[in-house]
*Asks:* 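Handing you a structure now.
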Amino acid sequence: MPDNGSCPRGAGGSRRPPRFISPPVVAALLLATSLLAAAAAPAAVAPRLRALLKAGRTVVAGAVTDTTSYDDDRVAVVAFSATTIFRGAGEPPVALSLVELHEGSDAPPLTAGMEGLAFLQPARMTSYLQRTLPAGRYQQLIPGYGAFIAAADKADAERQVSIMRRVLHLAGGGALSDAEARQLTFDLLASGSPVLVEDGAAGLGDLRRDPTLTSAEDATLSAALLRQNLPDRVRIALIHAVADARLASMVPTLRQIGSPPPVMEAAWKALDQLGAGASDDDMRQRLASDDPGTRIAAAREMLARSGAGALAAVSPVAIRDPDPSVRLQVVEAVGALEDPAALPTLEQAFVDEAINQRQAAARAIVAIGGKPAVDALGRLAVQGPVDSQRYAVLVLMTLDSPDARPVLAQLAKTHPDAATRDLITHGFPKGEH
């Protein structure tokens with residue numbers, strides 16, 4: 001029988017009786033386990049970079065030196081000088097040839113002079129590529145977001161290399177102290193790339209134990225929060241992380257965020273979480289702002305706070321705002337309440353001359369459902385412009401509700417428009433949709 005460590009060598013098949021571990025020893029083992037866990041890297045440290053590092057067969061930092069297009073720019077070969085090697089590729093500097101497919105790709109092409117991190121795999125040399133490209137050894141960026149992380153400048157490129165060395169240390173089973181993990185988080189937040197800023201946002205959760213920021217940390221985080229060149233998704237993730245970490249020093253910065261509406265709304269919610277939210281009077285003033293985005297965000301925030309209780313203030317914006325896009329988005333926010341109290345507002349929005357506004361109001365009425373929705377559509381079927389009336393009838397006809405049948409039967413007899421009566425009785429002429 002192979003020796004598997006279950007019994008000492010030379011002991012034959014005999015086994016010692018089980019020994020029970022005393023409570024003090026159990027306590028010591030638990031303490032040791034907790035200390036080891038504390039020394040390990042928090043799971044939130046650079047999750048995207050660690051996933052990219054795991055997926056990349058070759059991981060390098062360097063610069064694009066040249067690009068050569070083939071087949072009317074459907075495909076290009078990118079010459080990349082790898083000056084730092086994190087995985088694969090030999091000793092730097094290494095000249096790599098990257099295949100870049102342009103047709104059907106949404107990613108911006110790599111151009112000469114760009115610096116950054118590249119996460120690579122051997123290129124899949126299809127028959128098309130074999131026919132089109134010169135013979136050679138090619139690589140390609142791994143699929144997915146962040147496969148090439150561009151650096152904003154030389155200093156940013158150096159910061160990326162420093163970050164990746166620490167992430168590589170973690171991936172190899174190493175650990176960071178709390179201070180080192182914190183520094184990594186703020187180095188990520190200072191990066192030019194949205195990919196790295198988003199990783200920095202993930203690390204803010206570990207600041208709950210010590211939410212007091214140094215002046216340098218405060219400046220770095222404030223600058224990241226106010227960056228207009230980050231995708232909304234990244235800015236919102238960062239704002240949520242600030243609120244979850246209870247970073248009260250960010251309140252003045254959050255108050256400066258004024259656009260776009262989804263980011264502004266996230267900032268207002270974060271301020272609420274931090275106990276520094278705007279008063280109801282402040283929100284009403286924002287509802288009258290000259291900026292359409294602010295009016296939209298204020299309406300959504302008021303509805304989120306007070307539900308149907310905010311309709312008196314919000315309804316005029318949904319019905320009479322001079323900007324059609326504001327009316328539409330506020331109607332959608334009112335409809336999201338799915339509250340019968342919103343029906344008077346939705347009925348007024350239904351007769352708006354803009355068809356998308358009418359459709360949004362119709363969807364909201366249908367979502368409320370039941371007899372209140374049927375009654376609202378029955379009223380709309382005889383109010384407002386004829387095309388609006390006819391649309392209300394059409395929506396009624398699509399409802400799978402027994403309450404709709406008697407209303408439609410009555411309208412078929414009494415509606416003043418003959419075409420609408422015919423629509424109810426006979427439906428659309430054959431071939432119409």
*Asks:* Do side-chain atoms of R87 reach the backbone of G56 as a donor and acceptor pair under 3.5 angstrom?
*Replies:* yes

*Asks:* With rounding to the nearest 0.5 angstrom, report the OG1 to OH distance, T420 to Y391.
*Replies:*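 With rounding to 0.5 Å, OG1 (T420) is 14.5 Å from OH (Y391).
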
*Asks:* Check whether Q160 reaches the backbone of A150 with its side chain - one donor and one acceptor, N or O, closer than 3.5 Å.
*Replies:* yes

*Asks:* Ignoring hydrogens and geometry, is there a side-chain-to-backbone donor-acceptor pair from Q130 to M125 under 3.5 Å?
*Replies:* yes

*Asks:* Should the pair R233 and Y145 be classed as cation-pi, given the thresholds of under 6.0 Å to the six-membered ring centre and 45° from the axis?
*Replies:* yes

*Asks:* Does the side-chain hydrogen bond (donor to acceptor under 3.5 Å, both in side chains) test come out yes or no for Q348 and R320, once each step is laid out?
*Replies:* CA-CA 10 Å; Q348 292 182 73; R320 293 190 292 274; 4.9 Å; no

*Asks:* Which atoms form the tightest heavy-atom contact between M283 and A278, and what is the distance?
*Replies:*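 Looking at all heavy atoms of both residues, the closest pair is SD-CB, 3.9 Å.
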
*Asks:* For H415 and Q389, which I'm curious about, is there any donor-acceptor pair between the side chains at under 3.5 Å?
*Replies:*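 There is such a pair (donor and acceptor under 3.5 Å, judged by atom type) between the side chains of H415 and Q389.
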
*Asks:* Which is it for D323 and S325 under the side-chain hydrogen bond (donor to acceptor under 3.5 Å, both in side chains) test, yes or no, and what are the steps along the way?
*Replies:* CA-CA 6 Å; D323 189 323; S325 67; 2.6 Å; yes

*Asks:* Within the 4.5 Å heavy-atom criterion, are V317 and I296 side-chain neighbours or not?
*Replies:* no

*Asks:* Taking side chain as C-beta onward, heavy atoms only, is L221 less than 4.5 Å from L225?
*Replies:*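 Yes; the side chains approach each other to less than 4.5 Å.
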
*Asks:* Atom CD of Q357 and atom CD1 of I319: how far apart are they, to the nearest 0.5 Å?
*Replies:*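 Result: 9.0 Å between the selected atoms.
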
*Asks:* If you measure from CZ on R363 to CD1 on I368, what distance do you get to the nearest 0.5 Å?
*Replies:* 13.5 Å

*Asks:* Would the distance check show the side chain of S191 and the main-chain N or O of S193 forming a donor-acceptor pair, the cut-off being under 3.5 Å?
*Replies:*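 No, S191 side chain to S193 backbone: no donor-acceptor pair under 3.5 Å.
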
*Asks:* Hey, are the side chains of L346 and V331 touching, using non-hydrogen atoms and a 4.5 Å cut-off?
*Replies:* yes

*Asks:* Could you tell me whether E347 and R379 make a salt bridge, using a distance below 4.0 angstrom between a side-chain N and a carboxylate O?
*Replies:*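 Salt bridge: yes.
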
*Asks:* Got L98 and V77 here, is their nearest side-chain heavy-atom distance under 4.5 Å?
*Replies:*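 Side-chain contact under 4.5 Å: no.
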
*Asks:* Please report the interatomic distance CG(D206) to CG(L184), rounded to the nearest 0.5 Å.
*Replies:* 10.5 Å

*Asks:* Can you tell if the side chain of M397 reaches within under 4.5 Å of the side chain of L408, non-hydrogen atoms only?
*Replies:*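 A side-chain contact under 4.5 Å exists here.
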
*Asks:* Answer yes when E301 and K269 have at least one side-chain N-carboxylate O distance shorter than 4.0 Å, and no when they do not.
*Replies:* yes

*Asks:* Is any side-chain heavy atom of R182 closer than 4.5 Å to a side-chain heavy atom of L176?
*Replies:* no

*Asks:* I need the minimum non-hydrogen distance between S315 and T345, along with the two atoms involved.
*Replies:* OG-OG1, 2.5 Å

*Asks:* What's the shortest heavy-atom distance between V395 and A362, and which atoms?
*Replies:*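 Smallest heavy-atom distance, with atoms named: CG2-CB, 4.2 Å.
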
*Asks:* Please examine the side chains of L343 and P372, heavy atoms only from C-beta on, and report whether any two atoms are closer than 4.5 Å.
*Replies:*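 With C-beta onward as the side chain, the pair touches.
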
*Asks:* Could you give the distance from CD1 (I163) to CG (L117), rounded to the nearest 0.5 Å?
*Replies:* 8.5 Å

*Asks:* Is a donor from one side chain sitting under 3.5 angstrom from an acceptor on the other, for T425 and R421?
*Replies:*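 Looking only at side-chain atoms, R421 and T425 do not form any donor-acceptor pair under 3.5 Å.
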
*Asks:* Is a side-chain N or O of S388 found less than 3.5 angstrom from the main chain of G384, in a donor-acceptor match?
*Replies:* no

*Asks:* Roughly how far, to the nearest 0.5 Å, is CG of L120 from CZ of R57?
*Replies:*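 R57 atom CZ to L120 atom CG measures 11.0 Å (nearest 0.5 Å).
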
*Asks:* Donor-acceptor pair, distance only, cut-off 3.5 Å: does the side chain of R235 make one with the backbone of L230?
*Replies:*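 Checking the backbone N and O of L230 against the side chain of R235, no donor-acceptor pair under 3.5 Å is found.
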
*Asks:* The criterion is side chain to side chain donor-acceptor pair (under 3.5 Å); which residues satisfy it with E100, sequence neighbours excluded?
*Replies:* H102

*Asks:* Quick check: are there more than 12 heavy atoms from other residues, nucleotides or ligands sitting under 6.0 Å from CD of Q383?
*Replies:*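 More than 12 heavy atoms, drawn from other residues, nucleotides or ligands, come within 6.0 Å of this atom.
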
*Asks:* Do the side chain of D339 and the main chain of A342 share a donor and acceptor less than 3.5 angstrom apart?
*Replies:*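 No; judged by distance alone, with no hydrogens or angles, the pair does not exist.
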
*Asks:* Run the side chain to side chain contact (heavy atoms under 4.5 Å, CB included) test on R358 and D387 for me, step by step, so that the C-alpha distance in whole Å, both residues' side-chain angles and the decisive distance to 0.1 Å come before the verdict.
*Replies:* CA-CA 11 Å; R358 187 176 301 164; D387 59 339; 3.5 Å; yes

*Asks:* Apply ring-ring contact (aromatic ring centres under 6.0 Å, His included) to F148 and list each qualifying residue two or more places apart in sequence or on a separate chain.
*Replies:*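 By the ring-ring contact (aromatic ring centres under 6.0 Å, His included) rule, F148 matches no residue at all.
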
*Asks:* Indicate yes or no for a side-chain donor-acceptor contact from E198 to the backbone of V195 under 3.5 Å, with no hydrogens or angles considered.
*Replies:* no

*Asks:* Between L189 and E217, is the side chain to side chain contact (heavy atoms under 4.5 Å, CB included) condition met? List the steps.
*Replies:* CA-CA 9 Å; L189 292 171; E217 291 172 342; over 6 Å; no

*Asks:* Please determine if D321 and R295 form a salt bridge, counting it only when a charged side-chain N lies under 4.0 Å from a carboxylate O.
*Replies:* yes

*Asks:* Go through the steps for L196 and R159 under the test side chain to side chain contact (heavy atoms under 4.5 Å, CB included), then give the verdict.
*Replies:* CA-CA 11 Å; L196 302 190; R159 183 188 296 111; over 6 Å; no

*Asks:* Quick one: do the D187 and Q183 side chains pair a donor with an acceptor below 3.5 Å?
*Replies:* yes

*Asks:* For the side chain of H169 and the backbone of A175, is there at least one donor-acceptor N/O pair under 3.5 Å apart?
*Replies:*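 Judged by distance alone, yes, a pair lies under 3.5 Å.
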
*Asks:* Would you name the heavy atoms of I365 and A373 that are closest together and state the gap between them?
*Replies:*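 Looking at all heavy atoms of both residues, the closest pair is O-CB, 3.2 Å.
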
*Asks:* Looking at D272 and R305, is there a salt bridge between them, counting it only when a charged N and a carboxylate O are closer than 4.0 Å?
*Replies:* yes

*Asks:* Begin with the C-alpha distance, continue with both residues' side-chain angles, and end with the deciding distance and a verdict on salt bridge (Lys or Arg N to Asp or Glu O under 4.0 Å) for D375 and K371.
*Replies:* CA-CA 6 Å; D375 291 345; K371 193 170 186 305; 3.0 Å; yes

*Asks:* Can you check side chain to side chain contact (heavy atoms under 4.5 Å, CB included) on V382 and L411, steps first, answer last?
*Replies:* CA-CA 9 Å; V382 292; L411 289 169; 3.8 Å; yes

*Asks:* Residues two or more places apart in sequence or in another chain: which of them pass ring-ring contact (aromatic ring centres under 6.0 Å, His included) with F80?
*Replies:*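 Here no residue qualifies.
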
*Asks:* Work out which heavy atom in A245 is nearest to a heavy atom in P211; give both atom names and the distance.
*Replies:* O-CB, 3.8 Å

*Asks:* Which pair of heavy atoms, one from M250 and one from S222, lies closest together, and at what distance?
*Replies:*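 Residues M250 and S222, closest heavy atoms: CE-OG, 3.4 Å.
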
*Asks:* Would you call K154 and E115 a salt bridge, using N to O less than 4.0 angstrom?
*Replies:*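 The answer is yes: the pair qualifies as a salt bridge.
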
*Asks:* Do D282 and S279 have side-chain atoms, one donor and one acceptor, less than 3.5 Å apart?
*Replies:* yes

*Asks:* Do D199 and P47 have side-chain heavy atoms sitting under 4.5 Å apart?
*Replies:*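 Counting from C-beta outward, D199 and P47 do come under 4.5 Å.
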
*Asks:* Without swapping roles, check the side chain of D72 against the backbone of R74 for a donor-acceptor pair under 3.5 Å.
*Replies:* no

